[in-house]
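One is the number of the first residue; the rest follow in order along the sequence. Since the model is a prediction, treat every value here as computed from it, not as a measurement.
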Amino acid sequence: MTRDVKANPRTHGRIAELLARQQSGSPLLQEFYSDPDIFAVDVSRVCLSHWLCVGHESRIPKRGDWFRFDIADESLIVIRGRDGETRALVNVCRHRGSRVCYDAEGHSSALQCPYHAWTYDLDGSLRNAPRSDAEPGFDRDLLGLLPVAVGTWGPFVFVNPDPNAGSLAEHLGDLPRLV
């Protein structure tokens, strides 16, 4: 899910050039706010690689309740599973890349892609893929919705799209004890 913009030397050269022009104590140059390549670096390094508070658990009180959370051009589904666990899933069907959920929130016994009706269980596992029985070697266990790290602190739900993310507890450090 996270994009590797770190490998783009042109963008890093542009950032270095802007920083060299930046006067100490002055507001950031306009280009820091308007350059789409710099925005992509910001999204990757801040929004898609850190823990983000995405909502309150009261939004998903019952099994099957879900809400969508969009950040930049990424979309996640935060859902209460059949087992009562809170999960976060990438809101992209593994078949043709369509969004699975377009509404802001809902309640479902399963998640179904509107494009070709691939159906996912509340844990993200692929439940049904029409005509997949005719495909030799089709392995539905490999084609579930991609999970995203999720954690809660009190009633707040946090997600971290970075597959190498540390735990929410590590991220919060002493904050829970201090609060």
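Taken together through direct or relayed side-chain contacts under 4.5 Å among Ile, Leu, Val, Met, Phe, Trp and Tyr, Val150 and Leu52 form part of one hydrophobic cluster. When hydrophobic clusters are built by joining Ile, Leu, Val, Met, Phe, Trp and Tyr residues whose side-chain heavy atoms come closer than 4.5 Å, directly or via intermediates, Leu143 is not grouped with Val148. When the side chains of ILVMFWY residues are joined at heavy-atom separations under 4.5 Å, either directly or via intervening members, Leu29 and Leu19 end up in a single hydrophobic cluster. Under the 4.5 Å side-chain heavy-atom criterion for ILVMFWY residues, no single connected hydrophobic cluster contains both Leu76 and Trp66. A continuous path of hydrophobic side-chain contacts links Ile15 to Tyr33 [ILVMFWY only; heavy atoms under 4.5 Å].
Sorted by first and then second residue, the salt bridge (Lys or Arg N to Asp or Glu O under 4.0 Å) pairs with a member in residues 130-146 form an empty list; sequence neighbours excluded.
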* Asked: When you look at Ser49 and Asp162, which way does the side-chain hydrogen bond (donor to acceptor under 3.5 Å, both in side chains) test go after all the steps?
  -> CA-CA 5 Å; Ser49 62; Asp162 185 348; 5.2 Å; no
* Show the numbers, then the answer: is there a ring-ring contact (aromatic ring centres under 6.0 Å, His included) between His56 and Phe156? => CA-CA 5 Å; His56 197 276; Phe156 299 106; 5.6 Å; yes
* To do: Apply side chain to side chain contact (heavy atoms under 4.5 Å, CB included) to the pair Thr86 and Val157, showing each step before the final yes or no.
  => CA-CA 8 Å; Thr86 300; Val157 179; 4.2 Å; yes
* Leu172 and Trp51: side chain to side chain contact (heavy atoms under 4.5 Å, CB included), yes or no, with the steps? -> CA-CA 9 Å; Leu172 292 175; Trp51 284 96; over 6 Å; no
* side chain to side chain contact (heavy atoms under 4.5 Å, CB included) between Gln22 and Phe32, worked out -> CA-CA 10 Å; Gln22 180 69 45; Phe32 280 107; 3.9 Å; yes
* Begin from the C-alpha positions of Glu31 and Arg21 and carry the test side chain to side chain contact (heavy atoms under 4.5 Å, CB included) through to its verdict. => CA-CA 11 Å; Glu31 293 91 337; Arg21 286 186 20 220; 3.3 Å; yes
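Asp70 has a carboxylate O that lies under 4.0 Å from a charged side-chain N of Arg68, or vice versa, which qualifies the two as a salt bridge. A salt bridge links Asp121 with Arg82; the closest basic N to acidic carboxylate O contact falls under 4.0 Å. Ion pairing between a basic and an acidic side chain is recognised when a charged N comes within 4.0 Å of a carboxylate O; Arg14 and Asp35 show such pairing. A salt bridge links Asp83 and Arg87; the closest N-O separation between the charged side-chain nitrogens and carboxylate oxygens is under 4.0 Å.
Here the closest non-hydrogen pair linking Ala110 and Thr119 is CB-CG2, 3.7 Å. Minimum interatomic distance between Pro130 and Ala117 (heavy atoms only, all atoms of both residues): CD-O, 3.7 Å. Considering all non-hydrogen atoms of both residues, Asn160 and Ala165 come closest at ND2-CB, 3.2 Å. Residues Val159 and Val78 come closest through the heavy atom pair CG1-CG2, 4.3 Å. The two atoms that bring Leu111 and Cys101 nearest to each other are CD2-SG, 3.8 Å, heavy atoms only.
Taking CG of Asp42 as the start and CG of Asp37 as the end, the distance is 11.0 Å to the nearest 0.5 Å. One distance of note links SG of Cys93 with CD of Gln112; it measures 9.5 Å at 0.5 Å rounding.
Geometric assessment of Arg59 against the ring of Phe67 yields a positive cation-pi assignment under the 6.0 Å and 45° thresholds.
Applying side-chain contact (heavy atoms from CB on, under 4.5 Å) to Tyr120 and the options Ile79, Leu89, Leu126, Ile77 leaves one that passes, Leu126.
Other residues, nucleotides and ligands contribute at most 12 non-hydrogen atoms within 6.0 Å of the OH atom of Tyr115.
The shortest distance between side-chain heavy atoms of Thr152 and Phe158 does not fall below 4.5 Å. In this structure the side chain of Glu57 reaches within 4.5 angstrom of the side chain of Arg80, judged on heavy atoms.
Side chain of Trp118 to backbone of Arg96: no donor-acceptor contact under 3.5 angstrom is found. Checking side-chain atoms of Ser108 against main-chain N and O of Gly106 turns up no donor-acceptor pair under 3.5 Å.
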